[in-house]
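Remarks on the structure that follows.
If you read the sequence from its start, that first residue is 1, and numbering goes on from there. Since we're looking at a predicted model, the values are computed, not measured.
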Amino acid sequence: MTITSEQEQNRQPVGNFYILKQDGLMGIKDGVGISPSDWRITLPSDREKAKSRWNDVKQLLEVESLNKKQISLLINNKEARDKATISSYERFGKMYEIEGGNEVVASKFREYAEQANSAISEVIKQEKMTNYQVYFEMSNEVQAENNLFDLAILTLDDRYDSRVRFEAKRKLELMDLAAKIDHRERQTKIKEHYGSFTDFLDEYVWFSTIKRGEAEYAYLHSTHDLDTNACMSVNPISRNEGEGITLQEGQKLTLLRRRKFRFNEREVSIYVTPREKSPESKILKLLRKGQENPALAVDDEIGLMGVLDSIEDAEAFKKHLRKSAINAGSMLAFEEIEDTLNGGEHKPNSIGSSTEVRMFKCFIRKDGARIEMIIHTNQTYLDYLYKDGVAHEEYEAKRLFDSGVMELLFPPSIYEYDVNKMKNSSLENVRKTIRSN
């Protein structure tokens with residue numbers, strides 16, 4: 001798969017994260033500071049972004065200037081560093097409403113540091129990066145450092161290699177995003193709402209005659225187009241039947257764990273999987289969207305995906321949800337509906353998504369919760385897993401490159417790779433992996 005000139009032109013900029021751009025005013029260079037020529041050729045809005053972030057760093061370090069002499073004093077004065085570290089945690093604790101004193105704040109920021117590390121690992125430790133992982137492994141000096149103050153100093157200390165300094169700056173930015181995400185979750189009580197919704201499903205939606213969480217295994221026995229890997233036909237069968245089948249060319253067995261609900265005296269089977277985004281996934285989504293505010297960019301923190309045998313069963317499930325909400329003494333509404341199960345072109349609002357995706361998608365509003373719901377039939381779900389150009393794994397690889405996030409997190413000038421060659425290679429790896437499943 002080769003990138004066309006049109007695809008190259010359509011690659012999106014990464015909005016508010018100017019300070020990570022290696023060709024901008026905040027790029028890691030020999031020495032500290034900005035040359036007059038850099039300043040003159042930079043857009044006014046980007047100058048303001050750079051000035052604002054430099055001021056943030058000075059505020060963090062409690063200094064008036066970031067010249068070499070001042071940085072050297074901080075590097076060599078451990079007592080001053082320790083004092084400023086305590087002070088910085090006090091200020092950041094207030095900014096993000098973290099209660100409990102400096103030890104609690106420090107513990108929180110250690111969590112944010114681990115999430116920043118994990119966000120980088122999530123990018124590079126996937127099948128698509130099989131041939132490139134060693135290129136992008138994080139420097140030991142940065143991976144082990146969790147202290148805000150020391151990371152800021154490391155960014156400015158030109159005794160270190162430019163790659164180490166860039167990774168320290170990158171980690172600070174990702175930690176800041178992790179803090180914003182955590183702050184919003186505490187404000188909106190997202191996890192509590194999702195727990196209440198799960199209780200509603202257990203008590204009012206699934207069979208009341210079985211134990212909570214009980215489900216049965218089944219296989220989807222499917223036949224796929226040899227050229228596109230699209231699902232041509234599918235038949236749900238029992239686990240015992242599936243384990244006795246010898247697959248022919250173009251056939252697949254996909255194991256599901258299905259629950260049941262009753263609709264109009266009919267038993268309906270459904271595979272339901274939660275879709276709770278990890279902090280690392282939310283960080284990467286903010287980067288793709290070019291947004292620093294989680295409230296604007298991450299509206300699908302929690303959700304569920306259901307897979308049913310037919311469109312008729314999918315309609316039954318939607319009606320059953322509404323009826324169950326009434327039985328629970330509440331109300332349930334569907335918002336931002338998109339339905340391409342019956343055909344029609346998907347209108348993606350996410351970079352890298354295919355117009356061929358077929359699904360029912362909406363947000364459920366119930367009892368203060370807003371939960372994303374995606375419904376598939378068996379056939380559209382198998383396309384979601386396996387079809388060339390549609391499969392979710394392929395979509396994740398595309399959006400990493402097309403959003404500009406790969407170049408933002410791993411600037412080619414520092415990591416010495418060809419981004420177009422790498423994208424083509426990564427997509428080929430993904431397709432090979434999918435077809436081998």
Side-chain angles (χ1 to χ4, degrees), residues 185 188-220 234 236-239 254-277 298-344 346 357-382 384-385 392:
E185 288 181 352
T188 57
K189 300 181 179 178
I190 289 169
K191 293 186 183 297
E192 290 91 333
H193 284 149
Y194 192 60
S196 296
F197 187 75
T198 300
D199 288 342
F200 159 69
L201 294 177
D202 283 337
E203 190 167 350
Y204 293 96
V205 175
W206 313 134
F207 267 7
S208 59
T209 55
I210 61 175
K211 292 183 178 181
R212 289 191 174 199
E214 186 177 341
E216 62 182 18
Y217 288 99
Y219 278 103
L220 299 182
V234 56
I237 57 177
S238 70
R239 184 178 182 179
T254 305
L255 185 64
L256 303 180
R257 190 167 179 267
R258 308 210 295 182
R259 298 175 184 251
K260 289 185 177 181
F261 64 93
R262 189 179 302 279
F263 183 77
N264 290 346
E265 304 306 316
R266 183 167 64 93
E267 290 185 8
V268 182
S269 295
I270 178 173
Y271 166 60
V272 179
T273 182
R275 302 182 74 246
E276 182 177 1
K277 283 189 180 297
V298 187
D299 59 356
D300 57 348
E301 297 102 321
I302 54 176
L304 63 88
M305 180 168 66
V307 181
L308 299 108
D309 288 342
S310 65
I311 292 175
E312 179 186 8
D313 286 352
E315 291 299 319
F317 181 59
K318 287 185 280 184
K319 292 175 182 177
H320 181 59
L321 277 178
R322 288 184 183 275
K323 184 177 180 181
S324 298
I326 292 172
N327 292 339
S330 183
M331 183 174 175
L332 181 149
F334 295 157
E335 302 174 348
E336 297 184 35
I337 294 171
E338 180 187 350
D339 187 2
T340 53
L341 281 180
N342 285 298
H346 170 57
V357 171
R358 292 171 58 205
M359 62 183 172
F360 175 88
K361 180 180 178 181
C362 73
F363 285 89
I364 295 174
R365 186 174 293 278
K366 181 185 180 296
D367 297 342
R370 190 170 186 268
I371 297 166
E372 184 185 59
M373 181 174 73
I374 292 175
I375 295 178
H376 281 289
T377 63
N378 293 336
Q379 185 170 22
T380 66
Y381 176 65
L382 293 175
Y384 165 87
L385 293 181
H392 189 71

As a quick check of understanding, evaluate side-chain contact (heavy atoms from CB on, under 4.5 Å) for I364 and F334, giving each step before the final call.
CA-CA 5 Å; I364 295 174; F334 295 157; 3.9 Å; yes

Might you work through the side-chain contact (heavy atoms from CB on, under 4.5 Å) test for F207 and E214, ending with a clear yes or no?
CA-CA 9 Å; F207 267 7; E214 186 177 341; over 6 Å; no

For side-chain contact (heavy atoms from CB on, under 4.5 Å), just list the numbers for R259 and D202, CA-CA rounded to whole Å, side-chain angles, deciding distance to a tenth of an Å, and then say yes or no.
CA-CA 10 Å; R259 298 175 184 251; D202 283 337; 3.8 Å; yes

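Counting heavy atoms from C-beta on, the side chains of Y219 and R239 come closer than 4.5 Å. Looking only at side-chain heavy atoms (C-beta outward), V205 and F317 come within less than 4.5 Å of each other. The closest side-chain heavy-atom distance from P236 to R258 is below 4.5 Å. Residues L220 and Y271 form no side-chain contact, since every pair of their non-hydrogen atoms from C-beta on lies 4.5 Å or further apart.
Shortest non-hydrogen contact noted between A325 and M331 is CB-C, 4.1 Å. When all heavy atoms of L308 and A314 are compared, the pair lying nearest together is CD1-CA, 3.9 Å.
Relative orientation of the Y194 and F197 rings is parallel, given thresholds of 30° and 60° on the angle between their planes. Between F261 and W206, the ring planes are tilted. Angles from 30° to 60° get that label.
A cation-pi arrangement is present between K366 and F200, with the terminal nitrogen or guanidinium carbon under 6.0 Å from the aromatic centre and inside a 45° cone about the axis. Geometrically, K319 does not engage F263 in a cation-pi contact, judged by NZ or CZ lying under 6.0 Å from the ring centre and within 45° of the ring axis.
Atom CG of D313 is separated from atom NE2 of H320 by 12.0 Å, given to the nearest 0.5 angstrom. Note that OH of Y381 is 7.5 Å distant from OG1 of T254, once rounded to the nearest 0.5 Å. Considering OH of Y204 and CG of D199, their distance stands at 10.5 Å, rounded to 0.5 Å. Note that the OG1 atom of T273 and the CG atom of L304 stand 9.0 Å from one another [nearest 0.5 Å]. Put simply, CE on M373 and CE on M359 are 12.0 Å apart, with the number rounded to the nearest 0.5 Å. Here the straight-line distance linking atom CG of L201 with atom CZ of R212 works out to 10.0 Å at 0.5 Å rounding.
In this structure a side-chain-to-backbone donor-acceptor pair under 3.5 Å is present from D339 to L341. Judged by distance alone, the side chain of T380 and the main-chain N or O of H376 form no donor-acceptor pair under 3.5 Å. H193 places no side-chain N or O within donor-acceptor distance of the main-chain N or O of R370, the cut-off being under 3.5 Å. A donor-acceptor pair under 3.5 Å is absent between the side-chain atoms of R358 and the main chain of N342, judged by distance alone. Not a single donor-acceptor pair under 3.5 Å links the side chain of S269 to the backbone N or O of K260.
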